[in-house]
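A short write-up of the structure that comes next.
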Amino acid sequence: LEKEEIKKILPHREPLLLIDQATLSASENRVEAKVNVEADWLVFTGHFPEKPMLPGNYMIESMAQTADIFAVSRAEPGKNTIIVSGEPDAFYHPVYPGECMYLTAEIMTDAGNGMYDCKVSARTENRSGGCRCHYAGFKKQWNKYEEKTMTNLEKYNNILKRKFNR
């Protein structure tokens, strides 16, 4: 998938649509994605001017978008995916301007009721294991007028914890 095809899947737009390319592999329950970390991104003017590096929240957002591409591609028509929790394991090394970040999302557990546990890893050309996260989410009917409350998120998080023994 190229950027324009990804825009048909994800609601994100520039400057926060970070995924440049993605490859879906339904047979392997995984998606591979690529982020071109451009040197002219505005974030590098403040993080950090003398030695710019990609903020961790951008890495996590890239990982979430990769997991979302996979989950949305599997969703039934009329349903959407919401990631209700993410737990970054570790950041192993920084990502610098001009590098490409390669991400892999794999479904670890599919409960069969729309809930899943997804492992996402990131690496650059020269270094592996940039960071790793686990995401758990669910698919449900999306109503744009429906309000999401913290109580609902806590309820879904508890369901996921029981379902995946987390």
Side-chain angles (χ1 to χ4, degrees), residues 1-26 28-75 80-108 116-139 142 144 147-150 153-154 156-157 160 164 166:
L1 303 171
E2 297 297 322
K3 194 85 156 190
E4 290 306 311
E5 295 167 296
I6 293 169
K7 286 181 180 179
K8 293 175 186 173
I9 296 173
L10 296 180
H12 306 76
R13 293 297 176 263
E14 287 83 4
L16 285 178
L17 176 58
L18 301 173
I19 305 298
D20 292 302
Q21 294 176 328
T23 304
L24 291 164
S25 176
E28 296 179 24
N29 278 337
R30 65 190 283 153
V31 63
E32 294 179 0
K34 178 181 175 183
V35 175
N36 296 314
V37 181
E38 304 291 339
D40 64 352
W41 284 1
L42 186 60
V43 69
F44 293 126
T45 60
H47 196 271
F48 297 97
E50 294 80 30
K51 188 166 175 72
M53 64 183 71
L54 191 66
N57 59 334
Y58 275 63
M59 286 187 247
I60 292 171
E61 179 60 28
S62 297
M63 298 172 108
Q65 288 179 23
T66 302
D68 239 4
I69 289 171
F70 189 73
V72 170
S73 72
R74 295 171 48 125
N80 201 348
T81 301
I82 299 172
I83 295 176
V84 294
S85 70
E87 300 174 11
D89 285 346
F91 292 102
Y92 297 106
H93 62 79
V95 177
Y96 298 108
E99 291 187 322
C100 289
M101 192 165 47
Y102 300 94
L103 304 112
T104 303
E106 298 177 85
I107 298 294
M108 303 307 290
Y116 63 94
D117 185 25
C118 181
K119 180 178 98 175
V120 186
S121 59
R123 64 180 176 79
T124 58
E125 297 99 337
N126 302 319
R127 298 177 302 268
S128 63
C131 56
R132 189 175 63 242
C133 291
H134 290 270
Y135 290 95
F138 67 99
K139 301 175 204 148
W142 184 260
K144 67 179 181 176
E147 289 188 22
K148 306 290 181 262
T149 64
M150 188 54 74
L153 289 176
E154 289 170 1
Y156 294 126
N157 271 322
L160 291 169
F164 299 116
R166 299 191 71 180

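- Taking CD of E5 as the start and CG of L24 as the end, the distance is 10.0 Å to the nearest 0.5 Å.
- In this structure, E99 CD and R123 CZ are separated by 12.0 Å, a value rounded to the nearest 0.5 Å.
- Considering only residues two or more places apart in sequence or on other chains, K3 meets the side chain to side chain donor-acceptor pair (under 3.5 Å) condition with D20.
- Taking all atoms of both residues into account, the shortest heavy-atom contact from M53 to P94 is SD-CB, 4.0 Å.
- Here the closest heavy-atom approach between residue T124 and residue Y102 is recorded as C-CD1, 4.2 Å.
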Sequence neighbours excluded and cut-off under 3.5 Å, please list the side-chain donor-acceptor pairs for residues 10-19, or say none.
{"unit_1": "H12", "atom_1": "NE2", "unit_2": "E61", "atom_2": "OE2", "d": "3.2"}
{"unit_1": "R13", "atom_1": "NH1", "unit_2": "K7", "atom_2": "O", "d": "3.4"}
{"unit_1": "R13", "atom_1": "NH1", "unit_2": "L10", "atom_2": "O", "d": "3.0"}
{"unit_1": "R13", "atom_1": "NH2", "unit_2": "K7", "atom_2": "O", "d": "2.9"}
{"unit_1": "E14", "atom_1": "OE1", "unit_2": "K7", "atom_2": "NZ", "d": "3.4"}

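- Tested against M59 for a side-chain contact (heavy atoms from CB on, under 4.5 Å), the candidates V37, V120, L54 yield a single pass: L54.
- Applying the side chain to side chain contact (heavy atoms under 4.5 Å, CB included) criterion to P97, with sequence neighbours excluded, gives A39, F44, P52.
- Closest approach of I69 and A22 over heavy atoms only: CD1-CB, 4.0 Å.
- When all heavy atoms of A105 and C118 are compared, the pair lying nearest together is CB-SG, 3.9 Å.
- Considering all non-hydrogen atoms of both residues, C100 and K34 come closest at SG-CE, 3.6 Å.
- S25 is linked by a side chain to side chain contact (heavy atoms under 4.5 Å, CB included) to S27, E28, R30, counting only residues two or more places apart in sequence or in another chain.
- The NZ atom of K119 lies 9.0 Å from the OG1 atom of T104; values are rounded to the nearest 0.5 Å.
- Listed by first then second residue, pairs satisfying salt bridge (Lys or Arg N to Asp or Glu O under 4.0 Å) with a partner in residues 45-57 number zero, not counting sequence neighbours.
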